[in-house]
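Numbering of residues begins at 1 and proceeds along the displayed sequence. Fair warning: this is a prediction, and the values are worked out from it, not measured in the lab. Heavy atoms only: backbone and side chains are in, while hydrogens, waters and symmetry mates are out.
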Amino acid sequence: RTFSLGDLIVEDIGYGVPRFGIVLKVHSADRTLSVQFSDGVDYAFLGYCLPYEEWLRTVSLGDT
């Protein structure tokens with residue numbers, strides 16, 4: 001999965017409330033993203049994130 005500056009993403013690791021944010025920077029070396037969430041800037045691991053559109057399709061199909 002490839003993310004770019006400005007992408008709308010969902011950090012959803014299978015428990016808790018999904019976090020929605022906008023990618024500010026991709027850190028390829030450690031496979032993290034700098035993300036602007038509603039509560040501030042934080043890091044997210046690539047493996048825990050989905051593009052918003054993909055997450056929405058998954059939720060609408062009931063696959064979560």
Side-chain angles (χ1 to χ4, degrees):
R1 195 168 280 126
T2 304
F3 294 99
S4 301
L5 177 69
D7 285 351
L8 181 58
I9 60 109
V10 180
E11 182 185 46
D12 184 10
I13 56 175
Y15 60 89
V17 177
R19 295 173 73 195
F20 300 86
I22 298 171
V23 174
L24 299 176
K25 187 171 183 181
V26 178
H27 306 276
S28 299
D30 61 1
R31 301 186 42 79
T32 61
L33 304 168
S34 292
V35 182
Q36 177 68 58
F37 292 107
S38 62
D39 59 349
V41 175
D42 200 357
Y43 291 98
F45 291 101
L46 288 172
Y48 295 168
C49 298
L50 292 172
Y52 176 75
E53 295 84 6
E54 184 177 334
W55 178 84
L56 191 58
R57 273 193 302 275
T58 302
V59 169
S60 69
L61 295 173
D63 292 340
T64 61

Distance (rounded to the nearest 0.5 Å) between [X] [atom1] and [Y] [atom2]:
| X | Y | atom1 | atom2 | answer |
| --- | --- | --- | --- | --- |
| Glu11 | Trp55 | CD | CH2 | 13.0 Å |
| Leu50 | Leu56 | CG | CG | 11.0 Å |
| Ser34 | Ile22 | OG | CD1 | 13.5 Å |

Practice prompt. With sequence neighbours excluded, tell me which residues meet ring pair (Phe, Tyr, Trp, His ring centres under 6.0 Å) with Tyr52.
Written response: none
Worksheet item: Asp7 and Thr2: which non-hydrogen atoms are nearest, and at how many Å?
Response: OD2-O, 4.2 Å
Worksheet entry | Closest non-hydrogen atom pair between Gly21 and Leu8, with its separation | O-CD1, 3.3 Å
Item to complete: Starting from Phe3, walk the hydrophobic network (Ile, Leu, Val, Met, Phe, Trp, Tyr; side-chain heavy atoms closer than 4.5 Å) and list everyone else you reach, by chain and number.
Response: Ile9, Val23, Val26, Leu33, Val35, Phe37, Leu46
Worksheet item: For Glu54, what residues pass the side chain to side chain donor-acceptor pair (under 3.5 Å) criterion, not counting sequence neighbours?
Response: Arg1
Practice prompt. Would you kindly confirm whether Val59 and Phe20 end up in one hydrophobic cluster when ILVMFWY residues are joined by side chain heavy atoms under 4.5 Å apart?
Written response: yes
